[in-house]
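Just so it is clear, the values below take in all heavy atoms, side chains as well, and ignore hydrogens, waters and symmetry mates. Keep in mind it's a predicted model, so treat the numbers as computed, not measured. Indexing begins at 1, ligand by ligand and atom by atom, following the structure's order.
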Amino acid sequence: MGSQAVVRLPVTRAKPGRPFDVAIVGASIAGCSAARLFAQAGARVALIERRPDIAAYKVACTHAILSSATPTIAALGLERPLEDVGAVRTHADFWTPCGGWIRAPADAPRGYGVTRRALDPILRQLSVDTPGVELFAGQTAVGLLSDDGRPAGVEVAGAHTNGRTHSIRARLVVGADGRESTTARLARVPGRVRPHGRFFYFAYWRGVQPRTNRIRAWLLDPDGVSQFPSEDGLTLLAVAVHHPRLPEFRSDLEGAYARRISSVPDAPDLSEAQRVSKLIGKLAMPNVMRPAAAGGIAFVGDAALATDPLFGSGCSWAFQSAEWLVDETAPALLGGGNLTAALGRYRRLFRRRLALHHFLIAEFSSGRRLLPAERALFRAASVDASVAAALEQVVSRRRSPLRLLDPRLAPSVVLAAARSGR
Ligand SMILES: Cc1cc2nc3c(=O)[nH]c(=O)nc-3n(C[C@H](O)[C@H](O)[C@H](O)COP(=O)(O)OP(=O)(O)OC[C@H]3O[C@@H](n4cnc5c(N)ncnc54)[C@H](O)[C@@H]3O)c2cc1C
């Protein structure tokens, strides 16, 4: 994947005495989406990012974007730029040991396959170009301001300011600063941590066969392998392995990665393929969820919920939570309404939409084996189009997991369980 020039933006200095409507900490997916949508609603937004390079991107991410996020991507005006950069419109197929392939219906809405190296700079530029957004690049949030106990802005420090800080005042502070959210730490809003039992390694390839616009994911009970098509003919091949196998990877990383990929049924054919990146690993990523609004501060994206990436939901939820926050709070923020009540509505909406998905993903991320009910469901989905369609709605996160309790699906699932003798 070659190197890219560092593009530094001039650091913006807040004009004294003119408070912002919103100060957002973190200019990645969630922060840039929230900044653009708030500004489009008429807000004046300070977007604070510790990295000075506008082309900076998140490396440790396999960047599958689910169809649950496509309405937000459209609302941001991001569809065309993604098309221009060659993003792949994806469906996801799953292989399980209980019945083989489960195919996404051809008419299901599609997600996106696009690298963070392409996505992050495009989204950041789109956000910065939105009238009303001011980017404070190379500035790290180090403190929170308060007036009479209410959040009133952010204290920031640049890399070369000898410890001097300056204040960015705003009516609403948003933490979009990722899994280890400094904003949450400063605001003393702890997250609930659920244990995580997997590690990930991945690399980019060219020339992988079959060439497809479908994500192919193998749920190997308990490991996982995924093939993600992206722009420019790139394919990302990832392995998700449970922790007891870490010594095998430590002693022979290249060999263990290659063996895990080549051992799956219908494995990607790498005979003519070339690896074009180093192997990228992520060994520790506890599942963390905190209230999406607390103490007058809102959290979006990973700052609110960082879940296991096996099912590739974090980027989509970063987009979506930004839109939910703006929808719920912009009228109160800009029209003089009750901001506390609006933040409460956002917190409840976030929880209603994502808590059950997260609970199930996090519980599965322990590295445990498939349960009998899951085996029956996968077996039924591999032979029954209506079960496959319902499952696709859930794993693309467009519908609640409760969708799978639809009694009309039960006969197929029960039959599949009976046929397999489980
Ligand atoms: C191995 C792995 C694979 C993944 N694969 C997928 C996948 O396939 N699909 C998917 O949807 N998700 C995936 N994810 C999850 C996804 O990467 C995250 O959910 C997503 O990046 C969250 O976006 P965000 O904007 O909330 O946070 P981030 O992308 O983490 O951005 C946080 C931003 O805040 C900035 N920041 C932090 N602290 C400060 C501070 N104090 N002051 C100023 N700025 C600050 C950071 O520099 C950064 O720009 C994966 C994650 C991992 C670890």
**Q** What distance do E363 atom CD and I361 atom CD1 have between them, rounded to the nearest 0.5 Å?
**A**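 So the gap between those two atoms works out to 11.5 Å.
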**Q** Against heavy atoms of A176, which atoms of ligand 1 measure under 4.0 Å?
**A**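 Near A176, the atoms of ligand 1 are 32 (C), 33 (C), 34 (O).
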**Q** Counting each atom of ligand 1 from 1 as listed, which ones have a heavy atom of T62 under 4.0 Å away?
**A**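 Matching atoms, with element in brackets: 3 (C), 4 (C), 5 (N), 6 (C), 7 (C), 8 (O).
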**Q** Do the ring planes of Y257 and W205 sit parallel (below 30°), tilted (30 to 60°) or perpendicular (above 60°)?
**A**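 Correct class here is parallel.
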**Q** Quick one: which ligand 1 atoms are inside 4.0 Å of a heavy atom on G312?
**A**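 It comes down to these atoms of ligand 1: 7 (C), 8 (O), 9 (N), 10 (C), 11 (O).
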**Q** When you check the side-chain N and O atoms of T235 and Q227, is any donor under 3.5 Å from an acceptor?
**A**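 No donor-acceptor contact under 3.5 Å links the two side chains.
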**Q** Indicate, as side chain, backbone, both or neither, the part of S313 found under 4.0 angstrom from ligand 1 when only non-hydrogen atoms are considered.
**A**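 Under 4.0 Å from ligand 1, S313 contributes backbone atoms alone.
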**Q** Can you figure out which of K282, H63, R179, R116 has its heavy atom closest to atom 20 (C) of ligand 1?
**A**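 Heavy atom nearest to atom 20 (C) of ligand 1 belongs to R116.
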**Q** Answer side chain, backbone, both or neither: which part of R50 comes under 4.0 Å from ligand 1, heavy atoms only.
**A**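 It is both parts that get close, each with some atom under 4.0 Å.
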**Q** Determine, considering heavy atoms only, which of G178, G31, A157 sits nearest to atom 30 (O) of ligand 1.
**A**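 The option holding the nearest heavy atom is G178.
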**Q** Could you list the atoms of ligand 1 found under 4.0 angstrom from a heavy atom of S316?
**A**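 Listed by number with element: 11 (O).
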**Q** When you measure from the centre of the six-membered ring of Y57, is the NZ or CZ of R124 closer than 6.0 Å and no more than 45° off the axis?
**A**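 Cation-pi check for R124 and Y57: fails.
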**Q** Answer with yes or no whether the side chains of H242 and D223 bring together a donor and an acceptor at under 3.5 Å.
**A**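 Side chains of D223 and H242: pair found under 3.5 Å.
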**Q** Would you call the rings of H243 and H196 parallel, tilted or perpendicular, where under 30° means parallel and over 60° means perpendicular?
**A**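 The arrangement is perpendicular - the two ring planes meet at more than 60°.
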**Q** Specify the protein heavy atom at minimum distance from atom 26 (O) of ligand 1: its residue, its atom name, and the distance to 0.1 Å.
**A**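 Of every protein heavy atom, D302 N, 2.8 Å lies nearest to atom 26 (O) of ligand 1.
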**Q** Give the atom numbers and elements of ligand 1 that come within less than 4.0 Å of a heavy atom of I48.
**A**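 Those atoms are 43 (C), 44 (N).
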**Q** Under a 3.5 Å distance rule, please check whether R89 uses its side chain to pair with a backbone N or O of R110 as donor and acceptor.
**A**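 Between the backbone of R110 and the side chain of R89 there is a qualifying donor-acceptor contact (under 3.5 Å).
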**Q** Of the backbone atoms (N, CA, C, O) and the side-chain heavy atoms from C-beta on, which set of A64 has a member under 4.0 Å from an atom of ligand 1: side chain, backbone, both, or neither?
**A**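 Both backbone and side chain of A64 come within 4.0 Å of ligand 1.
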**Q** Measure A238 to ligand 1 on non-hydrogen atoms and call it side chain, backbone, both or neither using the 4.0 Å cut-off.
**A**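 Within the 4.0 Å criterion, A238 makes no contact with ligand 1.
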**Q** Just which atoms of ligand 1 are under 4.0 Å from any heavy atom in S28?
**A**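 Counting atoms of ligand 1 from 1, those under 4.0 Å from S28 are 25 (O), 28 (P), 29 (O), 31 (O), 32 (C), 33 (C), 49 (O).
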**Q** Is it true that S396 and R398 share a donor-acceptor pair across their side chains at a distance under 3.5 Å?
**A**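 S396 and R398 do have a side-chain donor-acceptor pair below 3.5 Å.
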**Q** Note the single closest protein heavy atom to atom 23 (O) of ligand 1, along with its residue, its atom name and the distance in Å.
**A**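 Ranking protein heavy atoms by distance from atom 23 (O) of ligand 1, first comes A318 CB, 3.8 Å.
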**Q** Are V394 and H357 close enough, and set up right, to give a side chain to side chain contact (heavy atoms under 4.5 Å, CB included), and what steps lead you there?
**A** CA-CA 9 Å; V394 174; H357 282 294; 4.1 Å; yes
**Q** Can you tell which part of T140 has a heavy atom less than 4.0 Å from ligand 1: side chain, backbone, both or neither?
**A**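 Within the 4.0 Å criterion, T140 contacts ligand 1 through backbone and side-chain atoms alike.
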**Q** For ligand 1, which is the ligand I care about here, please tell me if A141 has any N or O atom under 3.5 Å from one of the ligand's N or O atoms.
**A**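 Indeed, backbone or side chain, A141 has an N or O that close.
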**Q** Any idea which protein heavy atom is nearest atom 50 (C) of ligand 1, and the distance to it?
**A**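 I find the closest protein heavy atom is P309 CB, 3.5 Å.
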**Q** On the six-membered ring of Y204, is R275 placed so that its NZ or CZ lies under 6.0 angstrom from the centre and within 45° of the ring axis?
**A**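 No, R275 and Y204 do not form such a contact.
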**Q** Taking side-chain contact (heavy atoms from CB on, under 4.5 Å) as the criterion, tell me which of V142, L186, T183, I48 meets it with V154.
**A**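 Exactly one pass, corresponding to I48.
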**Q** Considering only heavy atoms of K58, which atoms of ligand 1 have at least one such atom less than 4.0 Å away?
**A**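 Under 4.0 Å from K58, ligand 1 has these atoms: 16 (C), 17 (O), 18 (C), 21 (O), 29 (O).
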**Q** Please list, in number order, the atoms of ligand 1 under 4.0 Å from a heavy atom of G301.
**A**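 Per the distance check, 26 (O).
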**Q** Among all protein heavy atoms, pick the one closest to atom 47 (O) of ligand 1 and tell me residue, atom and distance.
**A**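 Here the closest protein heavy atom is E49 OE2, 2.7 Å.
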**Q** Would you say Q139 touches ligand 1, if touching means a heavy atom closer than 4.0 Å?
**A**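 It does, in that a heavy atom of Q139 comes within the 4.0 Å cut-off of ligand 1.
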**Q** Looking only at atom types and distance, does a side-chain atom of R36 sit under 3.5 Å from a main-chain N or O of L123, one as donor and one as acceptor?
**A**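 Checking the backbone N and O of L123 against the side chain of R36, no donor-acceptor pair under 3.5 Å is found.
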**Q** Checking the N or O distance criterion of under 3.5 Å, is ligand 1 in contact with A60?
**A**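 Between A60 and ligand 1 (N or O atoms, distance only) the closest approach is not under 3.5 Å.
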**Q** Evaluate A30 for polar contact with ligand 1, using N/O atom pairs at a separation under 3.5 Å.
**A**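 Yes, A30 has an N/O under 3.5 Å of an N/O on ligand 1.
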**Q** Kindly confirm or rule out an N or O of C315 lying under 3.5 angstrom from an N or O of ligand 1.
**A**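 So ligand 1 has an N or O lying under 3.5 Å from an N or O of C315.
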**Q** Where does the angle between the aromatic ring planes of Y201 and F249 fall among parallel (under 30°), tilted (30 to 60°) and perpendicular (over 60°)?
**A**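 Y201 and F249: parallel rings.
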**Q** Measure the spacing between CZ of R51 and OG of S28 and express it to the nearest 0.5 Å.
**A**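 Atom-to-atom, R51:CZ and S28:OG are 6.0 Å apart.
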**Q** Test side chain to side chain contact (heavy atoms under 4.5 Å, CB included) on V156 and T140 and set out the steps.
**A** CA-CA 5 Å; V156 301; T140 301; over 6 Å; no
**Q** Looking only at distances, can you tell me whether any N or O atom of I29, backbone or side chain, sits closer than 3.5 Å to an N or O atom of ligand 1?
**A**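 N/O-N/O distance under 3.5 Å: yes.
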**Q** Specify side chain, backbone, both or neither for V25, according to which of its non-hydrogen atoms lie closer than 4.0 Å to ligand 1.
**A**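 V25 to ligand 1: side-chain contact only, backbone stays beyond 4.0 Å.
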**Q** Say you draw a straight line from CZ of R216 to CZ of R103; how long is it, rounded to the nearest 0.5 Å?
**A**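 Answer for the CZ-CZ pair, R216 versus R103, is 8.0 Å.
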**Q** Which protein heavy atom lies closest to atom 15 (C) of ligand 1, and at what distance to 0.1 Å?
**A**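 Looking at atom 15 (C) of ligand 1, the protein heavy atom closest to it is G314 CA, 4.1 Å.
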**Q** Among all protein heavy atoms, pick out the one at the shortest distance from atom 13 (C) of ligand 1; state its residue, atom name and that distance to 0.1 Å.
**A**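 Result for atom 13 (C) of ligand 1: C61 SG, 3.6 Å.
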